[in-house]
Amino acid sequence: MSKESRKKSSNPASYGTIDGNRLATAAKKATKKTAKPAVTKAAKTTSAKTPTTKAAAAKAKPAAPAASGTGLAEGAKAPAFKLPRDGGGTVSLADYSGQKLVLFFYPKANTPGCTKEAIDFTRLSKDFAAAGAAVLGVSADSVKAQDNFRDKHDLAVPLISDEKHEMLEAYGAWGEKSLYGRKFLGIIRSTVLIGADGRVAKVWRNVKVDGHADAVLAAARAL
């Protein structure tokens, strides 16, 4: 045996080590190739349909509920109420059964717009009576505040106190308002004309005071 042959055969275990290293390297490469998950056509289609933009998310968002102050429809049955009034006692829808009724909802007693509106309805109170219509003013003021309002301006129409906003909400006169960019909940100046049949004949929202009482009288006469 030559010297070169003896050198090669002197450490036969090294052949196994070398072959093992080569096999391990080959296995590692094969694992890397197979480790990447295959993206199927179905998966691509599904992800493409999923909304990812803000516009798509907004479109999918459910619609917000309708704002307060718009819920009472013309032709609907007038909601029942029974509340305290100026001078003591209570007043209810049933008290005016079989006759026309005007309800004007005002934000606050003794403020300029509300004072003018109440005076205008007082000025026309006999004309409303001749047209077969009663008139009631409604706000969230206390009975004491309503008494003061009546006495200070010689008002001739009953004034209802709805401090819990029950009637105001039922008639759509309580909702979101805005003043100088600030939003808040309050009384929306509104008027509702109820027919002798107990149904809502006409609704005015966000009322402008000037000439309003006259327009309501004309509607009551035509009813």
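By convention here, the first residue in the shown sequence is residue 1.
- With hydrophobic clusters built from ILVMFWY side chains whose heavy atoms lie under 4.5 angstrom apart, Val200 does not share a cluster with Phe128.
- Linking ILVMFWY residues whenever their side-chain heavy atoms come closer than 4.5 Å, directly or via other members, places Tyr171 and Val138 in the same cluster.
- Atom CG of Asn148 is separated from atom NE2 of His153 by 7.5 Å, given to the nearest 0.5 angstrom.
- Taking each heavy atom of Ala145 and Ala109 in turn, the nearest pair found is O-CB, 4.4 Å.
- Separating the CZ atom in Phe121 from the CG atom in Leu136 is a distance of 11.0 Å, to the nearest 0.5 Å.
- Ring centroids of Tyr106 and Phe149 are separated by less than 6.0 Å, placing the two rings close together.
- Contact record, Asp141 with Ser139: OD2-OG, 2.6 Å, taken as the closest heavy-atom pair.
- With hydrogens and angles disregarded, no donor-acceptor distance shorter than 3.5 Å links the side chain of Arg189 to the backbone of Val209.
- Hydrophobic cluster membership differs between Val192 and Leu223, with clusters built from Ile, Leu, Val, Met, Phe, Trp and Tyr side chains linked at under 4.5 angstrom.
- Although no hydrogens or angles enter the test, the distance criterion places no donor-acceptor pair under 3.5 Å between the side chain of Lys82 and the main chain of Thr90.
- Distance alone, capped at 3.5 Å, is enough to place a donor-acceptor pair between the Asp86 side chain and the Leu159 backbone.
- Between the side chain of Ser190 and the main chain of Phe105, no donor-acceptor pair closer than 3.5 Å is present.
- With values rounded to the nearest 0.5 angstrom, Leu103 atom CG is found 4.5 Å from Met167 atom CE.
- Note: Thr115 OG1 to Asp120 CG = 11.0 Å, rounded to the nearest 0.5 Å.
- Atom CD of Glu117 and atom CG of Leu155 lie 11.0 Å apart (nearest 0.5 Å).
- Tyr96 and Ile194 fall within the same hydrophobic cluster, defined by Ile, Leu, Val, Met, Phe, Trp and Tyr side-chain heavy atoms under 4.5 Å apart, directly or through other members.
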ask   = Is there a side-chain contact (heavy atoms from CB on, under 4.5 Å) between Asp127 and Arg221 once you walk through the steps?
value = CA-CA 9 Å; Asp127 296 305; Arg221 283 171 171 163; 3.9 Å; yes
task = Kindly determine whether Lys144 and Asp147 satisfy salt bridge (charged side-chain N to carboxylate O under 4.0 Å, His left out), including the steps that lead there.
result = CA-CA 5 Å; Lys144 185 177 180 180; Asp147 285 340; over 6 Å; no
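- With sequence neighbours left out, Lys183 forms a side-chain contact (heavy atoms from CB on, under 4.5 Å) with Glu176, Ser178.
- Using cut-offs of 30° and 60° for the angle between ring planes, the His165 and Trp174 rings count as parallel.
- In plain terms, the two heavy atoms of Lys177 and Ile187 that are nearest each other are NZ-O, 2.7 Å.
- Between atom CG of residue Leu193 and atom NZ of residue Lys202 there is a gap of 9.0 Å, rounded to the nearest 0.5 Å.
- One N or O on the side chain of Gln146 and one on the backbone of Ile160 form a donor-acceptor pair closer than 3.5 Å.
- Minimum interatomic distance between Gly195 and Ala201 (heavy atoms only, all atoms of both residues): N-CB, 4.3 Å.
- Here the closest non-hydrogen pair linking Gln99 and Gly132 is CB-O, 4.0 Å.
- Cluster annotation: Val91 is connected to Leu93 through the hydrophobic network of ILVMFWY side chains, with a link wherever side-chain heavy atoms come within less than 4.5 Å.
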